[in-house]
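Beneath this line is the structure, given in structure tokens, with notes to follow.
Residue indices begin at 1 and follow the sequence shown.
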Amino acid sequence: MELKYMHRALLLARQGIGYTRPNPLVGAVIVKEDHVIGEGYHEIYGGPHAEINAFNNATEDVRGATMYVTLEPCSHYGKTPPCAHAIVEKGIKKVVIAMVDPNPLVAGRGVDILKSNGIEVITGVLENEAKKLNEIFIKYITTGRPFCLLKTAMTLDGKIAAHTGDSRWITNKKSRGYVHELRHRYAGIMVGIGTVLADDPMLTTRLENGVGIDPVRIIVDSQGRIPLESRVLHLSSSAKTLIATTDQIPKEKLLALQSLGAEVILLPSIQGQVSLPDLMKALGERKLDSILLEGGSTLNYAALEAGIVDKVMAFISPKLLGGAHAKTPIGGQGKSLVRDAIELKSISIHRFDEDILIEGYLDKQV
């Protein structure tokens with residue numbers, strides 16, 4: 001029964017995707033005499049937590065019931081009062097928790113409050129599933145740096161575009177739709193200046209139902225080469241555009257970009273290019289908990305070499321383009337020896353009709 005109700009709590013938590021950042025995704029289910037009497041999830045940043053929503057939705061008195069919650073109840077005052085105290089006050093008898101909160105402000109204190117008030121506590125139920133759901137939160141709350149997902153799309157022979165530069169479309173409609181779901185989930189989307197010059201993308205979220213949040217657009221542009229007429233500078237969007245650059249940018253260009261509403265971030269350079277670790281630090285300070293990297297081959301390789309990538313999603317379409325000079329997902333200088341190749345761990349494979357998605361981690365995250 002514990003697995004059944006925790007599965008339900010995890011499903012509820014997923015409904016908050018894109019709306020709670022930088023807070024975690026949390027779901028809660030209240031069970032009494034083997035039937036659900038209340039459930040809820042963290043719906044929006046600053047709003048009531050999952051436990052409180054479950055109490056508010058309860059169909060009968062929760063005293064003596066069991067609560068299943070995907071993350072340790074909070075013990076501190078933030079945007080809302082502590083959930084651990086509310087659980088005690090409501091008379092919950094038992095709390096089943098998927099994972100302990102990695103937030104240093106909580107870190108087991110919620111469990112201690114519950115136990116000290118005579119509540120039975122069980123932890124670790126579907127813990128791995130809960131950690132994967134909140135991999136973004138775990139990285140951000142423990143390091144202050146955004147979780148970075150590198151997304152690529154290529155043909156079966158490893159090309160991201162034809163030798164002419166044409167790339168529409170490598171993957172199918174279903175795959176592209178899923179990418180827009182990722183854009184809704186991630187706080188920022190990052191590309192290099194080469195992508196802007198070649199494709200003039202909008203970098204917005206376009207879901208079929210028309211609902212979705214645009215990510216903050218981050219353009220890595222070491223010399224300030226972005227054209228002032230670029231679409232990312234003239235969008236009607238709730239999200240802003242950031243230009244990550246260096247002191248190589250002409251002052252008049254910097255002022256022109258700012259006059260268009262873009263935020264210009266001046267960063268240290270490494271061999272004439274924006275320092276990506278410093279960029280991640282700056283984005284974390286701006287409360288961006290996650291970055292979707294949709295860069296070209298040059299930026300992708302630089303990101304891997306800089307060690308900022310946590311996860312890779314590689315879409316593969318069963319098409320063959322050929323072309324000795326057609327670009328591949330990862331460019332740069334490359335590794336000299338196969339034994340030095342960057343390896344992915346914890347691999348999973350998904351299908352989007354005829355397209356295949358391979359997903360993996362650079363270091364063990366979950």
Side-chain angles (χ1 to χ4, degrees), residues 1-17 19-31 36 38-58 62 64-144 147 289-290 364-366:
M1 283 298 181
E2 286 182 351
L3 295 180
K4 171 186 173 182
Y5 295 126
M6 192 60 77
H7 271 301
R8 176 59 185 165
L10 287 166
L11 283 173
L12 288 166
R14 293 187 63 83
Q15 294 185 48
I17 286 176
Y19 299 105
T20 67
R21 60 182 180 238
N23 281 355
L25 299 166
V26 186
V29 175
I30 303 172
V31 178
V36 175
E39 58 183 32
Y41 66 96
H42 186 30
E43 299 177 10
I44 191 167
Y45 175 72
H49 288 185
E51 300 92 327
I52 305 305
N53 282 330
F55 286 139
N56 292 340
N57 295 330
V62 301
T66 297
M67 173 175 280
Y68 295 81
V69 62
T70 59
L71 185 70
E72 176 185 5
C74 62
S75 57
H76 64 288
Y77 283 88
K79 293 285 185 181
T80 59
C83 292
H85 292 317
I87 290 171
V88 172
E89 292 169 2
K90 291 288 187 179
I92 292 292
K93 179 179 69 175
K94 178 180 176 181
V95 178
V96 181
I97 299 168
M99 63 173 283
V100 174
D101 196 333
N103 186 344
L105 292 175
V106 181
R109 294 174 191 162
V111 169
D112 290 342
I113 290 172
L114 299 178
K115 287 183 175 180
S116 65
N117 282 276
I119 297 174
E120 180 185 356
V121 179
I122 296 175
T123 61
V125 177
L126 296 182
E127 181 179 21
N128 287 340
E129 289 84 346
K131 285 183 175 180
K132 184 172 177 63
L133 179 65
N134 271 311
E135 60 191 11
I136 289 173
F137 174 71
I138 293 170
K139 168 73 182 290
Y140 181 67
I141 203 67
T142 57
T143 69
F147 183 93
D289 65 354
S290 51
K364 190 71 174 176
Q365 300 285 331
V366 294

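- Annotation: the span from F147 atom CZ to I141 atom CD1 amounts to 15.5 Å, rounded to 0.5 Å.
- Here the straight-line distance linking atom OG1 of T143 with atom CG of D289 works out to 10.5 Å at 0.5 Å rounding.
- The two residues S75 and P82 have their closest heavy-atom pair at C-CB, 3.7 Å.
- Side chains of I87 and E51 form a contact here, defined as non-hydrogen atoms less than 4.5 Å apart.
- From I92, atom CD1 reaches atom CD of E120 across 12.5 Å, with rounding to the nearest 0.5 Å.
- In this structure, T70 contributes its side chain and L10 its backbone to no donor-acceptor pair below 3.5 Å.
- Note on ring orientation: taking the six-membered ring where Trp is involved, the planes of H49 and H42 are perpendicular (angle over 60°, cut-offs 30° and 60°).
- A28 and A9 get closest at one heavy-atom pair: N-CB, 4.3 Å.
- Contact record, V96 with E2: CG2-OE2, 4.4 Å, taken as the closest heavy-atom pair.
- Closest approach of A98 to L126, counting heavy atoms only: CB-O, 4.1 Å.
- Side-chain atoms of E72 come within 3.5 Å of backbone N or O of D101 as a donor-acceptor pair.
- Taking CE of M67 as the reference point, atom OH of Y5 lies at 14.5 Å (rounded to 0.5 Å).
- With hydrogens and angles ignored, the 3.5 Å screen pairs no side-chain donor or acceptor of N23 with any backbone N or O of Y45.
- Of all heavy-atom pairs spanning F137 and N103, the tightest one is CZ-CB, 4.3 Å.
- Of all heavy-atom pairs spanning L114 and A84, the tightest one is CD2-O, 3.7 Å.
- In this structure, the side chains of F55 and I30 come closer than 4.5 Å at one or more pairs of heavy atoms.
- Taking 4.5 Å as the limit, some side-chain heavy atom of R14 sits within range of a side-chain heavy atom of L133.
- Side-chain contact between I97 and P73: present, with at least one pair of heavy atoms (C-beta onward) separated by less than 4.5 Å.
- In this structure, SG on C83 lies 10.0 Å from CG on L71, to the nearest 0.5 angstrom.
- Put simply, the side chain of N57 does not reach to within 4.5 Å of the side chain of E39, judged on heavy atoms.
- Note that the CD atom of E135 and the OG atom of S290 stand 10.0 Å from one another [nearest 0.5 Å].
- In this structure, the side chains of I138 and M99 come closer than 4.5 Å at one or more pairs of heavy atoms.
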